[in-house]
Amino acid sequence: MEKLLGLPVLASEHGKYVDDLIIYVHWLMIVLFVGWLAYFAYVLFRFHRSRNPKADYVGVKNHASNYIEGAVAIIEGILLIGVAVPLWTKAVDKFPDKNQATVIHVVGQQFNWNALYAGKDGEFGKQDMHLVNGTNTFGLDFTDQLTKDDVQVPSLGEMHVPIGKPVICYISSRDVIHSFKVIAMRITQDAIPGMRTPVWFKPTKEGRYQINCAQLCGNSHSVMSAGILVVESQAEFDKWIATKSGPQVNLE
């Protein structure tokens, strides 16, 4: 069914449940589509003028349509309560332990994505929205010693994450509303100025995956698809982060 629907490559643990929900909904729509077409054909035949030269003002007396509508409502309720709500709860309400996850601060701007990682000490330096300007995308406090080894990925650069380990992204924006979307991970989260909204996923397949903006954010909105999320082994990730570590500098 995934191939039939042309679903994109899947590279996250929870993405399977997202795809399952998509497939269930499509099966329901297929059944409804075929059912209503069959009913429409039956009505054209059953109530054709040649078979009913005189109008019947009483109409249908049975309640079959009510039963069918009730069954459809029950199925929709099962999909909502049994599949969608538990999936949403798991993804939104049950975040992994930060100490057991890769934490990234992501800031969108017209028309780039920026990423910030904690350095070797595993802790982020102080950040203040009031410090955000043209050369300080994350509002870093450079007087804080913890800031010295934080790793900032340049605009339109690559974000790296290790495979098999939860990733928590704190999404924000420097200007207008953007939307951080990684299709292969089945995640989307709005990037809103002045707010830092978390989203998480667990990558299960190594590779390079496109980062998109799912919110129309200006005349070069499409350029924001140039970002890349690289999923690699822990050893390769550690090697990459080591090449980025060092005194923090402004990269814009």
Side-chain angles (χ1 to χ4, degrees), residues 1-47 56-98 100-101 106 164-173 177-192 195-205 209-217 229:
M1 192 64 178
E2 289 89 346
K3 292 182 179 179
L4 181 63
L5 293 176
L7 294 179
V9 62
L10 173 61
S12 71
E13 187 176 75
H14 80 279
K16 177 183 181 302
Y17 304 104
V18 176
D19 286 359
D20 286 346
L21 179 59
I22 293 173
I23 291 171
Y24 296 152
V25 170
H26 275 79
W27 274 119
L28 176 60
M29 294 300 103
I30 289 172
V31 171
L32 289 178
F33 180 73
V34 173
W36 283 119
L37 278 181
Y39 176 72
F40 182 64
Y42 167 76
V43 169
L44 289 178
F45 172 76
R46 173 65 178 81
F47 300 103
D56 182 357
Y57 297 99
V58 176
V60 177
K61 297 180 181 179
N62 64 57
H63 299 282
S65 62
N66 299 97
Y67 299 146
I68 294 174
E69 290 174 4
V72 171
I74 291 173
I75 295 173
E76 291 175 343
I78 292 173
L79 289 177
L80 176 63
I81 299 173
V83 181
V85 172
L87 175 60
W88 181 88
T89 301
K90 182 179 180 180
V92 176
D93 193 44
K94 298 179 180 178
F95 270 69
D97 184 351
K98 291 182 181 179
Q100 304 298 321
V106 180
K165 183 178 180 180
V167 178
I168 303 175
C169 296
Y170 289 90
I171 313 298
S172 187
S173 172
I177 296 177
H178 300 279
S179 187
F180 183 75
K181 184 180 185 72
V182 185
I183 297 174
M185 301 299 155
R186 304 298 192 267
I187 60 165
T188 305
Q189 184 61 267
D190 284 348
I192 303 174
M195 295 180 63
R196 187 172 288 144
T197 311
V199 65
W200 76 278
F201 60 94
K202 186 176 180 180
T204 57
K205 185 176 182 180
Y209 305 105
Q210 189 177 49
I211 301 173
N212 296 90
C213 178
Q215 182 71 257
L216 184 60
C217 56
L229 177 72

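Just so we're clear, the structure is a prediction, and the values are computed from it rather than from any experiment.
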Quick one, [X] and [Y] - any side-chain contact, counting heavy atoms below 4.5 Å?
X      : Y      : answer
Val167 : Pro203 : yes
Ile187 : Ser12  : no
Lys16  : Leu10  : yes
Pro166 : Phe201 : no
Met195 : Ile171 : no
Trp27  : Ile30  : yes
Tyr209 : Ile183 : no
Val182 : Asn212 : no

- Query: What heavy-atom pair brings His178 and Gln215 nearest, and what distance separates the two atoms?
  - Reply: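 Closest approach of His178 to Gln215: C-CB, 3.8 Å.
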
From [X] [atom1] over to [Y] [atom2], what is the distance, rounded to the nearest 0.5 angstrom?
X      : Y      : atom1 : atom2 : result
Ile78  : Leu28  : CD1   : CG    : 10.5 Å
Phe33  : His26  : CZ    : NE2   : 12.5 Å
Cys169 : Phe180 : SG    : CZ    : 5.0 Å
Ile211 : Leu229 : CD1   : CG    : 5.0 Å
Met185 : Lys205 : CE    : NZ    : 10.0 Å
Ile192 : Ser173 : CD1   : OG    : 9.0 Å

- Kindly say whether Arg196 contributes a backbone atom to a donor-acceptor pair with the side chain of Ser172 at under 3.5 angstrom?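 Pair absent, no side-chain N/O of Ser172 close to backbone of Arg196.
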
- His14 side chain vs Arg186 backbone, donor-acceptor pair below 3.5 Å: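 Present.
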
- Verify side-chain contact (heavy atoms from CB on, under 4.5 Å) between Leu80 and Val85, making sure each step is shown before the conclusion. CA-CA 6 Å; Leu80 176 63; Val85 172; 4.3 Å; yes

- Return the orientation label for the Tyr39 and Trp36 ring planes: parallel under 30°, perpendicular over 60°, tilted otherwise.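 Geometry flag for Trp36 against Tyr39: perpendicular rings.
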
